[in-house]
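Working notes, beginning with the structure itself.
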Amino acid sequence: MSGDSHPRYDAVIVGAGFAGLYMLHRLRQAGFQAVVFEAGSGVGGTWYWNRYPGARCDVESMEYSYSFSDDLQQEWEWTERYAGQPEILRYANHVADRFDLERDIVFDTRVVKAHFDEAGAKWDIETDTGRTVAAKFCVLATGCLSSANLPDFEGLTSFRGETYHTGRWPHEGVDFEGKRVGIIGTGSSAIQAIPVIAAEARHLTVFQRTPNYSIPARNAPIDPDLVADIKGEYPAFRARNYKEPAGFGSKIPKNDQSALQDAEANRERNYWQRWERGGFGFLSAYNDLIVNRDANDTAADFVRRRIRETVDDPATAELLCPDNVIGCKRPCLDTGYFETYNRPNVDLVDVRTNPIDRITPAGIVVAGQEYAVDCIVFATGFDAMTGTMLRIDIRGRGGLSLTDKWSAGPVTYLGLTTSGFPNLFMISGPGSPSVLTNMITSIEQHVAWIADCMGHLRSHGFAAIEATPGAEDDWVAHVNAVADQTLYPTCNSWYLGKNIPGKPQVFMPLIGFPPYVEKCDAVVANGYEGFELRSAGA
Ligand code: N01
């Protein structure tokens, strides 16, 4: 690709989710010319695609929103403690309108190639609609959970009924009334969808490979007093959240004590209070739940007892009881999930002991038995964190492909850049806290860092910035060392790539938001330490 005769921008941004929208806004404010390419027909990213029944955020509404505009955060009114997908999508559209973003977004257009032209110090970018543009910078705002994972089940294409993936849900919705539905998977998406589908369908069969812990969300109409309190001091509230390990939850009561040092009766009371409050605060009950297996067992055991108490049929309850570490796979929040198994129209099928054999024209076969269904919902997750980037043919200096560079797992500096790929930025990339935080908080921090970096290059006359291999190696070692101090690497989670056959198994996100922010700030304060800044022609 030459790109020389094609439109030339300061930056191409890939994706118009929360990351791409804010990146565009920030770059415009800084006087850069940017264009966004978006595969969907509208803004919203994750919230544009994931329209399955029951889809809802599990970070509370007053926190899962942009902080960059005080007018925006003061004026927007959330209706529930946790916003549902339609409301979050309305919010994304409101932001796009309010800041007049759509005029620089090209919809229904997927970036398929991004090649770095060393001589021209620019990225040549090609889309699936045949557009070619050039830009000094390329920003991947592609989302951590945007490449749907559809396992390669034998016979899948022979199925006569409809199939759906939670992450690619039809915009017009699906009518399950009178239908026999099969759902494969019991992750966050399924745990939200199952109670809603069960209430509508004639029959629901859940195919479960790994049982999951889930904490009640206790969703409710938003408390107007809480809204007034937060809006009375929104910037200070955001600043407190910024200091939290996951960038949210400053209102959750903390307890800097080991679970093993508390008396059993106190511990039980503590877990109960948090269970009743609902939400992620359950996992903040003690300071060692994610680092000490014995401590973790006390919380895991509490949840297993709640499952056994809730689910009437003892055999189903046992199947639903997880035996791994609580919190090392992404924790789930639910509304009536375990209760759903008491409905007469819901069955649970274990596909851990006997994996799904195949799909037939009429249903799903496990251990030689066919479960007849009219439609199948694949709640089978995503090729997380790297999948979407690697589906683009990205080539850096010397034609090095990102796929080759990351063949043993993603390698980045700060989760923002990767050496060999000058002027290429990732928002919430592997090696950054991203999926272990409130995504919008992480996105805002990355966008600000990237926009400031571009401003620095412009004002100092640099043509390119690139991570040094040494800084990158040290960073990868750091991300692994932090993970190895915890129980996170012990589960078959998508954090490790274990959900995708053949994917290299590396713990991808960095644990701990505040130290990460300090590191990013220190890198800048030390003159972009760990990066090489090049002048034109150098
Ligand atoms: O996907 P998942 P998800 N045969 O990967 C199973 C975010 N999110 O879409 O665990 C049988 O968690 C798989 O089984 P196993 C959140 O970060 C947020 O539910 O690999 N089963 C698992 O049960 C979340 O973590 C929100 O053994 C197969 C399921 O499919 C992330 O998105 C809501 C299989 C996939 O679970 C992804 O969640 C929703 C096979 N071949 C999602 N392959 C909120 O904010 C896979 N499975 C609330």
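Read the numbers this way: they start at 1 and go in the same order the structure lists the ligands and their atoms.
Evaluation of the salt bridge (charged side-chain N to carboxylate O under 4.0 Å, His left out) rule for E77 yields K231 as partners, not counting sequence neighbours. Taking the salt bridge (charged side-chain N to carboxylate O under 4.0 Å, His left out) definition, one finds that D312 meets it with nothing, sequence neighbours left out.
You'll find the ring centres of F107 and F37 outside the 6.0 Å limit.
Among residues at least two apart or in separate chains, there is no ring-ring contact (aromatic ring centres under 6.0 Å, His included) pair with a member in residues 305-327.
In this structure, R306 forms a cation-pi arrangement with F302, its terminal cationic atom sitting closer than 6.0 Å to the ring centre and no more than 45° off the ring axis. The side-chain tip of R180 does not point at the ring of F176 from less than 6.0 angstrom away and within 45° of straight on.
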List, pair by pair, the atoms of ligand 1 and of the protein that are both N or O and lie under 3.5 Å apart, giving the separation rounded to 0.1 Å.
{"residue": "ligand 1", "atom": "9 (O)", "partner": "S189", "partner atom": "OG", "Å": "2.6"}
{"residue": "ligand 1", "atom": "10 (O)", "partner": "T210", "partner atom": "OG1", "Å": "3.4"}
{"residue": "ligand 1", "atom": "10 (O)", "partner": "K329", "partner atom": "NZ", "Å": "2.6"}
{"residue": "ligand 1", "atom": "17 (O)", "partner": "R330", "partner atom": "NE", "Å": "3.2"}
{"residue": "ligand 1", "atom": "19 (O)", "partner": "S188", "partner atom": "N", "Å": "3.0"}
{"residue": "ligand 1", "atom": "19 (O)", "partner": "S189", "partner atom": "N", "Å": "2.8"}
{"residue": "ligand 1", "atom": "19 (O)", "partner": "S189", "partner atom": "OG", "Å": "3.3"}
{"residue": "ligand 1", "atom": "20 (O)", "partner": "R209", "partner atom": "NH2", "Å": "2.9"}
{"residue": "ligand 1", "atom": "23 (O)", "partner": "T186", "partner atom": "N", "Å": "2.9"}
{"residue": "ligand 1", "atom": "25 (O)", "partner": "W494", "partner atom": "NE1", "Å": "2.9"}
{"residue": "ligand 1", "atom": "27 (O)", "partner": "R209", "partner atom": "NE", "Å": "2.8"}
{"residue": "ligand 1", "atom": "27 (O)", "partner": "T210", "partner atom": "OG1", "Å": "2.5"}
{"residue": "ligand 1", "atom": "30 (O)", "partner": "A379", "partner atom": "O", "Å": "3.2"}
{"residue": "ligand 1", "atom": "45 (O)", "partner": "D58", "partner atom": "N", "Å": "3.3"}
{"residue": "ligand 1", "atom": "45 (O)", "partner": "D58", "partner atom": "OD1", "Å": "3.1"}

